[in-house]
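Single-structure report; data block below.
Order of appearance sets the numbers: ligands from 1, and atoms from 1 within every ligand.
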Amino acid sequence: MELVISGLSKTYANGVKALDNVSLTIPTGMFGLLGPNGAGKSTLMRILATLQEADSGRAMLGDIDVLKQQQEVRKVLGYLPQEFGVYPRVSAYEMLDHIALLKGVVNSRERKELVEALLNRVNLWEHRNRRIAGFSGGMKQRFGIAQSLIGEPKLIIVDEPTAGLDPGERNRFYNLLTEIGENVVVILSTHIVQDVLELCGNMAIINKGVLLFAGAPNDALASMRGKVWEKAISKHELEQYANSHALISNKLVAGRPIIHVLSAGDPGNGFVSTEPSLEDVFFGAIHANQAHVAG
Ligand code: ADP
């Protein structure tokens, strides 16, 4: 099963064009949706999760029309929002039991087996009787995964999952996500390039509602090879380089800016060729898009 999005657009009442004619085919497996804050990721996720309507366009999950058959989508959807808002003051066990009941698992023995299996799967068994409100960020995210897996979803949407997690929690969460299986479409929306690199076989980059790239991270890297140039400069030179080169990133290393610029040939002047990173792909795509809009 794949998710085929075509010509999806959404403009908010205040005139912000959050999605501008986005077309994208998402196969099963982990798919990274990468974009800076405000790119339109949550808008796209919410539309796919039937929480919001698009102005125009189409999205088909297999033979389900996502924009029209909302009940059908909800049956096969696992949605893990950025924030649940208020965390309930009930235990993890009670909450999963409750959600399973809402999702139609009415047989109590079946529900007990399901809830116990999920708690074990996300490693929350020993915390099952604790209130979710008191969980750490990582535990809340793992609980989120558990609830999103009820009902054997075909489409799992995870919005900015690693924000606020410490490295250990992030790792556990990653491992859990990768176990979910290859027969499910898992969309991971994030502004963290590393998340996509470590987890996703395919990805898309969006900025200001516009799709800038879709494909495998490795293909994106290959397309940039030979075009990324690096140089250590002084802080006061930064503006000058930003004006004279296609500056795609600027990192401080031991207090000194190391810049990456995009150039088809050797820019000279002490630049050395460097292996492109996914960050270069990301900022390069955004830079090209902004230059295009400005020009
Ligand atoms: P992301 O998830 O990539 O950060 P969003 O989809 O949340 O991006 O937002 C895309 C754009 O739409 C932003 O400019 C944001 O300010 C705007 N936006 C999001 N939600 C609303 C809303 N309910 N009303 C008006 N503008 C919105």
Side-chain angles (χ1 to χ4, degrees), residues 3 5-26 30-59 61 66-67 70 73 77-86 137 140-141 144-145 148 155-165 170 173-174 177 185-200 202-215 217 220 248-249 278-294:
L3 176 65
I5 299 167
S6 30
L8 209 59
S9 293
K10 170 78 189 177
T11 303
Y12 286 108
N14 61 2
V16 173
K17 204 167 204 178
L19 293 177
D20 187 358
N21 199 18
V22 171
S23 296
L24 190 58
T25 296
I26 304 183
M30 298 281 289
F31 187 92
L33 182 67
L34 196 57
N37 287 326
K41 303 183 297 296
S42 295
T43 302
L44 180 57
M45 302 294 92
R46 286 197 303 261
I47 290 172
L48 296 174
T50 73
L51 298 172
Q52 200 173 320
E53 300 210 333
D55 298 335
S56 55
R58 205 166 135 91
L61 176 68
V66 176
L67 305 185
Q70 303 200 326
V73 179
L77 172 74
Y79 179 56
L80 179 52
Q82 213 164 343
E83 283 281 342
F84 280 106
V86 182
K140 281 177 183 160
Q141 286 296 48
I145 285 281
S148 76
L155 171 64
I156 296 182
I157 293 178
V158 191
D159 200 354
E160 296 277 352
T162 61
L165 300 192
R170 200 170 133 207
F173 183 73
Y174 274 180
L177 268 186
V185 176
V186 184
I187 308 179
L188 180 77
S189 149
T190 182
H191 66 281
I192 303 170
V193 173
Q194 201 61 21
D195 284 358
V196 173
L197 196 59
E198 289 183 29
L199 292 172
C200 301
N202 286 290
M203 67 165 194
I205 299 175
I206 64 169
N207 187 38
K208 298 185 175 159
V210 177
L211 181 75
L212 303 181
F213 172 85
I248 51 173
S249 76
L278 202 52
E279 246 123 16
D280 293 323
V281 172
F282 180 49
F283 291 115
I286 289 169
H287 181 276
N289 178 240
Q290 271 155 359
H292 173 74
V293 170

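- The main-chain N or O of Ser23 is never found under 3.5 Å from a side-chain atom of Ser6 such that the two would form a donor-acceptor pair.
- Here the side chains of Val185 and Phe31 are not in contact, with every heavy-atom distance at 4.5 Å or above.
- The pair Asp195-Arg170 meets the salt-bridge criterion, since a charged nitrogen lies less than 4.0 angstrom from a carboxylate oxygen.
- Contact annotation for Asn14 and ligand 1: only side-chain heavy atoms (C-beta onward) come within less than 4.0 Å of the ligand.
- Annotation for ligand 1: atoms under 4.0 Å from non-hydrogen atoms of Lys41 are 1 (P), 2 (O), 3 (O), 4 (O), 6 (O), 8 (O).
- Considering backbone and side-chain atoms alike, Asn37 places every N or O at 3.5 Å or more from each N or O of ligand 1.
- When each of Leu33, Ile187, Thr190 is paired with Lys41, the side chain to side chain contact (heavy atoms under 4.5 Å, CB included) condition holds for Leu33 and for no other.
- Distance check on atom 27 (C) of ligand 1: some protein heavy atom falls below the 4.0 Å cut-off.
- Counted by atom type alone, Asp159 and Ser189 present one or more donor-acceptor pairs between their side chains at under 3.5 Å.
- When each of Ile206, Ile286, Val281 is tested with Leu212 by the rule side chain to side chain contact (heavy atoms under 4.5 Å, CB included), just one qualifies, namely Ile286.
- Between Met203 atom CE and Leu34 atom CG the span is 6.5 Å, to the nearest 0.5 Å.
- Ligand 1 lies less than 4.0 angstrom from a heavy atom belonging to Pro36.
- Counting only heavy atoms of the protein, atom 23 (N) of ligand 1 lies nearest to Tyr12 CE2, 3.7 Å.
- Within the 4.0 angstrom cut-off, atom 16 (O) of ligand 1 has no protein heavy-atom neighbours.
- Between Thr50 atom OG1 and Leu67 atom CG the span is 10.0 Å, to the nearest 0.5 Å.
- At under 3.5 Å, a nitrogen or oxygen of Gly38, whether backbone or side chain, sits near a nitrogen or oxygen of ligand 1.
- Looking only at heavy atoms of the protein, atom 7 (O) of ligand 1 is closest to Ser42 CB, 3.6 Å.
- Between Gly40 and ligand 1 there is a heavy-atom distance shorter than 4.0 Å.
- Counting protein heavy atoms only, atom 6 (O) of ligand 1 is closest to Thr43 OG1, 2.6 Å.
- Interface atoms of ligand 1 facing Val16, defined by a heavy-atom separation under 4.0 Å, are 11 (C), 12 (O), 14 (O), 17 (C).
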